[in-house]
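FYI, side chains are in, hydrogens and waters are out, and symmetry mates aren't considered; it's all heavy atoms of this structure. Residue numbers count from 1 along this sequence.
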Amino acid sequence: MITDYLRDGAGDLIVLVHGALADMRMWLPHVELLKSEFDVAAPTQRHFGKPSDGGFGLNTHADDLASFLQEVDVRKPLHLVAWSYGADVVLNMLTRHEVPVTSAFLYEPGYPGCVAEEDMQEWSADANEMFGPVFTLAGQHRLPEAVEALI
């Protein structure tokens, strides 16, 4: 569930989806540049801002993003911009949900593609093991150590 997001501007809707170790704040300079021509929305994905309930992973975040897009005005053209893990979320969402997307710009996706549910569970378990310490450190505002753990 996406509860934290910023929205500013007018025009076609452009949704900015952050990557790992980030939240909606990574897009603040971009929002300032885009808001004169676009209705810009930048959500924070579950577990990336404050502590959240529910699962963590591409399926959860893809479902959350699809629900968020249903809540915002998609009667106008919808453009998606996503970076890294956010690009993976968008790719997964587009394969799982019918969303009226006009365009998508995905920068540095790492997602290997759409995999069977059993394989996705294995992938998610591995990702949770890898990212668990990273998110713990990030949650403690120890970002240099979180980046080091990620690398």
Side-chain angles (χ1 to χ4, degrees), residues 1-128 130-132 134-135 138-139 143 146-147 150-151:
M1 162 186 325
I2 293 174
T3 57
D4 291 336
Y5 65 95
L6 59 90
R7 192 162 182 188
D8 200 357
D12 289 0
L13 178 61
I14 185 168
V15 177
L16 308 173
V17 184
H18 66 82
L21 293 183
D23 60 22
M24 65 186 167
R25 293 173 296 169
M26 75 165 275
W27 297 112
L28 289 173
H30 302 86
V31 171
E32 287 303 311
L33 291 170
L34 295 168
K35 70 183 184 181
S36 65
E37 296 184 41
F38 293 95
D39 175 5
V40 185
T44 293
Q45 298 181 74
R46 184 190 310 216
H47 299 293
F48 284 91
K50 53 189 171 187
S52 302
D53 293 330
F56 178 93
L58 288 175
N59 289 339
T60 298
H61 291 127
D63 294 345
D64 286 352
L65 182 58
S67 294
F68 174 75
L69 294 174
Q70 287 177 357
E71 294 172 15
V72 298
D73 184 5
V74 292
R75 291 175 289 164
K76 52 183 148 184
L78 169 62
H79 308 277
L80 300 174
V81 174
W83 168 66
S84 189
Y85 178 78
D88 300 340
V89 170
V90 169
L91 282 171
N92 196 31
M93 181 201 65
L94 292 173
T95 63
R96 297 169 54 88
H97 299 275
E98 290 188 30
V99 179
V101 174
T102 303
S103 69
F105 177 78
L106 309 176
Y107 184 67
E108 295 186 324
Y111 186 51
C114 300
V115 296
E117 187 64 33
E118 312 82 54
D119 294 331
M120 183 56 120
Q121 289 174 355
E122 184 177 333
W123 187 92
S124 293
D126 184 53
N128 286 337
M130 179 179 70
F131 281 107
V134 173
F135 291 124
L143 294 181
V147 170
L150 177 63
I151 293 170

Do the side chain of Asn92 and the main chain of Ala62 share a donor and acceptor less than 3.5 angstrom apart?
-> no
His30 meets the ring pair (Phe, Tyr, Trp, His ring centres under 6.0 Å) criterion, sequence neighbours left out, with Trp27
Partners of Phe38 by ring pair (Phe, Tyr, Trp, His ring centres under 6.0 Å), sequence neighbours excluded?
-> none
Using distance only, find each side-chain donor-acceptor pair of residues 99-107 under 3.5 Å and give its atom names and separation, not counting sequence neighbours.
residue	atom	partner	partner atom	Å
Thr102	OG1	Leu78	N	3.2
Ser103	OG	His79	ND1	2.6

Apply side chain to side chain donor-acceptor pair (under 3.5 Å) to Glu32 and list each qualifying residue two or more places apart in sequence or on a separate chain.
-> Lys35
Measuring from Thr44:OG1 to Asp4:CG, what's the distance to the nearest 0.5 Å?
-> 5.5 Å
Applying side chain to side chain contact (heavy atoms under 4.5 Å, CB included) to Phe68 and not counting sequence neighbours gives Ile2, Tyr5, Val15, Ala41, Pro43, Leu65, Val72
Side chain to side chain contact (heavy atoms under 4.5 Å, CB included) against Ala146, all qualifying residues, sequence neighbours excluded | Leu21, Val134, Leu137, Ala138
Could you name each residue pair satisfying salt bridge (Lys or Arg N to Asp or Glu O under 4.0 Å) that touches residues 10-20, not counting sequence neighbours?
-> none
Which distance, rounded to the nearest 0.5 Å, do you find between the CG of Leu91 and the CG of Leu80?
-> 10.5 Å
Non-neighbouring partners of His61 that pass side chain to side chain donor-acceptor pair (under 3.5 Å), sequence neighbours left out = Tyr85
Within the side chain of Gln45, is there an N or O that forms a donor-acceptor pair under 3.5 Å with the backbone of His18?
-> yes
Looking only at heavy atoms, what is the nearest atom pair of Ala20 and Phe131, with distance?
-> CB-CE2, 4.1 Å
Residues in side chain to side chain contact (heavy atoms under 4.5 Å, CB included) with Ser52, at least two apart?
-> Arg46, His47
Around atom CE of Met130, are there more than 12 heavy atoms of other residues, nucleotides or ligands at under 6.0 Å?
-> yes
Might you point out which heavy atoms bring Gly19 and Ser84 nearest each other, and give the distance in Å?
-> CA-CB, 4.4 Å
Step by step, would you call Thr60 with Asp64 a side chain to side chain contact (heavy atoms under 4.5 Å, CB included)?
-> CA-CA 6 Å; Thr60 298; Asp64 286 352; 3.9 Å; yes
Do the side chains of Met93 and Leu69 get nearer than 4.5 Å, heavy atoms only?
-> yes
Taken in chain and number order and not counting sequence neighbours, the residues that satisfy side chain to side chain donor-acceptor pair (under 3.5 Å) with Glu108 are Trp83
Ignoring hydrogens and geometry, is there a side-chain-to-backbone donor-acceptor pair from Asp39 to Ala10 under 3.5 Å?
-> no
Residues which pass side chain to side chain contact (heavy atoms under 4.5 Å, CB included) with Leu28, listed by chain and number, not counting sequence neighbours = Leu6, Arg25
